[in-house]
Each structure stands twice: as C-alpha cells, then as structure tokens.
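These notes concern the structure reproduced below.
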Amino acid sequence: MKILILLAHPRKGSFNHAIARTAAQVLRGNSHRVFFRDLYSEKFNPVLSAPEMDERCRLSARIQRYCREAAEADGIIIVHPNWWGQPPGVLKGWVDRVLRPGVAYRFEEGDGGEGVPKGLLKAGCVLIFNTSNTPPGREREVFGDPLDNLWKNCIFRFCGVKRIRRKVFGVIVTSSLRQRKAWLEQVRREVNRHFPAFKK
Ligand SMILES: Cc1cc2nc3c(=O)[nH]c(=O)nc-3n(C[C@H](O)[C@H](O)[C@H](O)COP(=O)(O)O)c2cc1C
C-alpha cells in the first residue's frame with residue numbers, strides 16, 4: 001500500500017522526527033511504499049494564494065505532486081507537536097493547499113458549499129501522532145482537546161476517511177529517555193496494527 005507520512009517540526013533532533021522515522025521504518029519493513037514529507041526541510045510554502053482558491057486554477061507542479069500523493073495514499077500518518085492547540089502553520093498550510101476541492105472532497109451538484117460534501121480521499125486509515133507538554137486531563141478539561149476535533153471531524157471525516165486514530169505523547173519536556181523509548185515502541189505497535197505487512 002502507499003502510505004503518506006507528513007512531519008511538521010522544525011528541529012531535526014526532535015522527538016517528532018524520531019516518531020516519523022520509526023513509523024517509516026515499520027512501514028518499509030511491512031513492504032509498504034512510503035511518501036515521506038518533512039514539510040520544514042522541504043520548505044513547504046503554507047500560504048494559499050487567491051488564484052489557488054479557484055478549484056479550476058492551474059496548480060504548480062509541486063502542489064500537483066502533493067495533491068497526487070494525498071489522493072493516491074491508502075493511508076496517511078501525521079506527526080506534529082501541539083502548538084497552541086493547533087498544528088504548526090506549515091502543516092495547516094498543507095491542509096489548506098493540498099486537501100483541495102476535487103482532490104479531498106467535493107460538493108454535489110446544486111450545493112453551493114453549504115451542504116455536506118462527499119469525501120474523496122481513498123485513505124482507509126489516518127494515524128495522528130502528537131506530542132504535548134500538557135497532561136491529558138488538563139488538555140481535555142481546560143482546552144477541550146482542539147486537535148482531536150480538528151483532525152477527526154473538521155478534516156478527515158469531512159474528506160471521507162472512516163478510520164482515524166490519534167495518539168498523544170506527553171508530557172515531553174519532563175520525559176526520560178526510557179519513557180521516550182517506550183513511546184517509540186507504542187508507535188511501532190500502532191503502525192503495525194493499522195498497516196500490517198502487505199501481501200502482494
Ligand atoms: C509555538 C509553540 C506553542 C506551543 N503550544 C503548546 C500548547 O498549546 N500545548 C502544549 O501542550 N504544548 C505546547 N507547546 C510545547 C510543544 O508541544 C512541545 O515542545 C513539543 O510537543 C515537544 O516535542 P519535541 O520534543 O519533538 O520538540 C508549544 C511549543 C511551541 C514552540
């Protein structure tokens with residue numbers, strides 16, 4: 001299967017990078033084809049321009065490639081830190097520019113955009129790995145865990161994905177090496193569970 005990994009963290013040595021690398025290793029070990037997109041190192045431009053807002057506009061070759069990968073992916077893995085209850089801007093921009101009408105969703109004829117769209121993504125499963133410095137109880141009770149609603153309801157259910165799983169690792173800032181190794185083991189297990197060895 002084709003699996004798209006999206007990583008959004010500016011520091012190469014971050015735990016987020018370790019998560020994404022681990023996920024890619026497991027996928028390759030299970031004979032999947034991996035599209036690995038490290039959005040910061042690729043200097044992805046997150047700004048959606050006025051012309052690009054038009055569904056029929058002529059997209060750059062680069063954005064066309066990102067769109068093709070998203071449309072063709074049988075699964076998607078997203079890795080990013082919690083920044084103000086949101087993804088880093090570079091990843092928000094990937095959502096804005098790549099999950100376009102005609103690629104990720106479309107409205108039925110006669111629907112001006114106010115109705116419920118038809119999701120177009122082929123991905124059967126999306127896995128989201130987040131890191132955070134807020135204990136889970138406080139994240140839910142004080143902040144309402146906005147990332148959970150964002151990824152599951154606002155984005156991937158909207159685009160037609162049925163299975164969406166999210167795992168949050170934290171508190172990162174006080175974690176030991178042993179704890180982080182155990183978390184990477186959980187990443188291995190989750191990726192293996194949702195994207196097991198591919199039988200040709
Ligand atoms: C701009 C910015 C905003 C952040 N906002 C939050 C936040 O709202 N909640 C939270 O728990 N942590 C927040 N953090 C902390 C990051 O989530 C934390 O540094 C990251 O998850 C650690 O992962 P890493 O070791 O891979 O860098 C923020 C960090 C930055 C730089």
Any donor-acceptor pair under 3.5 Å from Q86 side chain to W84 backbone: yes
Sequence-distant partners of R33, side chain to side chain donor-acceptor pair (under 3.5 Å), two or more places apart: none
Closest approach of P81 and P88, non-hydrogen atoms and distance? O-CD, 3.7 Å
What residues, two or more places apart in sequence or in another chain, satisfy salt bridge (Lys or Arg N to Asp or Glu O under 4.0 Å) together with K43? none
Measure from NZ or CZ of R100 to the centre of the six-membered ring of Y105 and say whether it is under 6.0 Å with the direction within 45° of the ring axis. no
Sequence neighbours left out, what passes salt bridge (Lys or Arg N to Asp or Glu O under 4.0 Å) with E55? Give chain and number order. none
List the residues meeting side chain to side chain donor-acceptor pair (under 3.5 Å) with E72, not counting sequence neighbours, and say none if there are none. K2
Hydrophobic clusters here meaning ILVMFWY residues chained together by side-chain heavy-atom distances under 4.5 Å, can you tell me if L6 and V126 are in one? yes
Pairing residues for Y40 by the ring pair (Phe, Tyr, Trp, His ring centres under 6.0 Å) criterion, not counting sequence neighbours: none
Tightest non-hydrogen contact, residues H32 and F195, listed as NE2-O, 3.2 Å
Nearest heavy-atom pair of P51 and C57: which atoms, and what distance? O-CB, 3.2 Å
L120 side, atom CG; R106 side, atom CZ - distance, nearest 0.5 Å: 5.5 Å
Hydrophobic cluster mates of V47, side-chain heavy atoms under 4.5 angstrom, ILVMFWY only, any path? none
Distance in Å, N82 CG paired with L147 CG, rounded so as to fall on 0.5 Å steps: 5.0 Å
Sorted by chain and number, sequence neighbours left out, side chain to side chain donor-acceptor pair (under 3.5 Å) with W151 holds for H80
Distance, nearest 0.5 Å, that separates CZ of R28 from CD1 of I3: 11.5 Å
Carboxylate-amine/guanidinium contact R37 E42, below 4.0 Å: yes
Please list all pairs meeting side-chain hydrogen bond (donor to acceptor under 3.5 Å, both in side chains) that have one or both residues in residues 168-179, counting only residues at least two apart or in different chains. S175-R180
Distance (rounded to the nearest 0.5 Å) between L121 CG and F158 CZ: 11.0 Å
State, yes or no, whether a side-chain contact exists between F169 and V187 at a heavy-atom distance under 4.5 Å. yes
For F143, the ring pair (Phe, Tyr, Trp, His ring centres under 6.0 Å) test, sequence neighbours excluded, returns none
Straight-line distance of M1 CE to D74 CG, nearest 0.5 Å: 5.5 Å
With sequence neighbours left out, what residues match N133 under side chain to side chain donor-acceptor pair (under 3.5 Å)? none
Short side-chain to backbone donor-acceptor contact, R188 and Q25, under 3.5 Å: no
Look only at the side chain of N192 and the backbone of P196, and say whether a donor-acceptor pair between them is shorter than 3.5 Å. no
Taking all atoms of both residues into account, what is the closest heavy-atom pair of V171 and P135, and its distance? CG2-N, 3.9 Å
Who passes salt bridge (Lys or Arg N to Asp or Glu O under 4.0 Å) against E139, sequence neighbours left out? none
How many angstroms lie between CD1 in I19 and CD1 in I78, if you round to the nearest 0.5 Å? 13.0 Å
With a 4.5 Å cut-off on side-chain heavy-atom distances among I, L, V, M, F, W and Y, is there a chain of contacts connecting Y66 to L91? yes
How far apart are the closest heavy atoms of L150 and P87, and which atoms are they? CD2-CD, 3.7 Å
Just grab all the side-chain hydrogen bond (donor to acceptor under 3.5 Å, both in side chains) pairs involving residues 159-168, residues at least two apart or on different chains. N130-R166, D145-R166, D148-R166, R163-H194, K167-Q186
